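Chain letters run A, B, ... following the sequence lines, proteins first and then strands; every chain starts at 1. Keep in mind that what you see is a predicted model, and the values were worked out from it rather than measured.
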Amino acid sequence: TLLGVVTTDALVATDVWRKMVQVAVNRSFNQITVDGDTSTNDTVIALASGISGSTMISSCDSYEAKQLQACLDAVMQGLAKSIAWDGEGATCLIEVLYNDDSILKLYFQFIVKVIGADGEAEAAKIARSVASSSLAAIYGRDPNWGRIACAAGYAAIPFHPNELCISLGDILLMDGGQPLPFDRAAASAYLRKAGETHGTVEIHISVGKGPGIGQAWGCDLSYDYVKINAEYTT
Amino acid sequence: VSSSMNETSNYIPAAPILLPEGPWKQISGGVTAAKGFKAAGTYGGLRAKGEKPDLALVTCDVDAIAAVLHFCFDSSILISSWFPAVRADLCAFENFPACAFTTNVVAAAPVLYCKHVLGISETARAVLINAGQANAATGDAGYQDVIECAKALAQLLQMRSEEVLIESTGVIGQRIKKEALLNTLPRLVGSLSSTIEGADSAAIAITTTDLVSKSVAIESEVGGTHIRVGGMAKGSGMIHPNMA
């Protein structure tokens, strides 16, 4: 279960605050996954006291609203990543984001953007699909580009497979939908190092030239996850 | 009070928080960094094992506007078969503008309760969080437990019970240990503070299988004024949220 309480002293109108919190949740907590198990209790409560002395933010379109939205996104993303980082039994955190230069990164902090898709929602959906696939291969330190491509492919977001490009860190594994020869030992060492330091796995994926940006975080699946949950009995 | 908070911080370390870059600076204080908020976390005997704090409280000195995002489902037929007592309230809830729906049609009693109170009040002043039992799939009895706890806390804080929001986490299928919770409330309220320790102890008290506590705050300038945004979260297993 995910619980959160967020507070601010900014002065903001109720309806604006609610929209902001929904946007921030969709860019943070709703983009994390550990085990694909959606709890009955997940809740985020966000309170605004309004006593900072700031001027009232009464429109989502104002510059001040964008400033506050950015702050809210940052706090919620910071907390969301720490939850995925702390996934039961996890040895490393995975984050997925695409960016403007059409590259998807899958790493402790990686960025997923759907190239050629309509926008943020599509990018976020692919990102979370890749992050939430069991990716047990990551725990096995296996640079399995095929499974990453598969997870991107079943996200129900259309893209042309011949535009698919995947790299692990800066090791290019696939380009233009074609698997490439790569240094397998170096790629495995990259994953192993991340596991040993509970650190970062970075994978870049491109699927076209779209405008949207999305990111997601997950963690690798280890034996410990089963052990922890087998003992957490009702 | 201060000694018990120090003990709290000894239980689990704080998570490394990876903040995106931006025009803000990270400050300490979590949920108490923003003006007007206090927090506390204490052990109330709610956990199945160990004496890590398991009851947290966040309060606001003024009426804070609230935005709550949690599970909602629209199958009122399903509701009426399980929770006849809340059905009428939920219909009123339909007007709740910030809601969206998730594929999970089972919502825990504290979630249903929060929907109810935020359907009738746009502001909240307290969030009570227990760790140990999720109070999910606990039927009418679980819902009544939530109402009793909210009422008891509201009396102690001298506010309306609609201004109290509740979160629960822990073993699904189990009701909260209500007596232990009610007995702990006076001490919890007494330990409220706007200090960093208050925020840290609350962040630890809401954890279950977490290995680290998650708490962060930033300060930035909005419209020329310094504002603060802070928060705490918990979660380690059963993590695939679809909140709206």
Please determine, among A34(B), A15(B), G30(B), the option with the most heavy-atom pairs under 4.5 Å with chain A. A34(B)
Is L11(A) in contact with chain B via its backbone, its side chain, both, or neither, using a 4.5 Å heavy-atom distance? neither
Please look at Y63(A) and chain B and tell me whether the side chain, the backbone, both or neither of the residue comes under 4.5 angstrom of a heavy atom of that chain. neither
Less than 4.5 Å to any heavy atom of chain A: does that hold for the side chain of [X], its backbone, both, or neither?
{"X": "E221(B)", "value": "backbone"}
{"X": "V31(B)", "value": "both"}
{"X": "V127(B)", "value": "side chain"}

For a quick test of reading the model, state the closest non-hydrogen atom pair linking [X] to [Y] and the distance between them.
{"X": "S82(A)", "Y": "P16(B)", "answer": "CB-O, 4.1 Å"}
{"X": "L79(A)", "Y": "M232(B)", "answer": "CD1-N, 3.8 Å"}
{"X": "A74(A)", "Y": "W24(B)", "answer": "CB-CZ2, 3.4 Å"}

Can you list the residues that meet the side chain to side chain donor-acceptor pair (under 3.5 Å) rule with R228(B), with sequence neighbours excluded? E219(B)
For I239(B), run the side-chain contact (heavy atoms from CB on, under 4.5 Å) check against T1(A), V34(A), D37(A) and tell me which one passes. V34(A)
Does a donor on one side chain sit under 3.5 Å from an acceptor on the other, for H240(B) and T33(A)?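 Judged by distance alone, the side chains do pair up.
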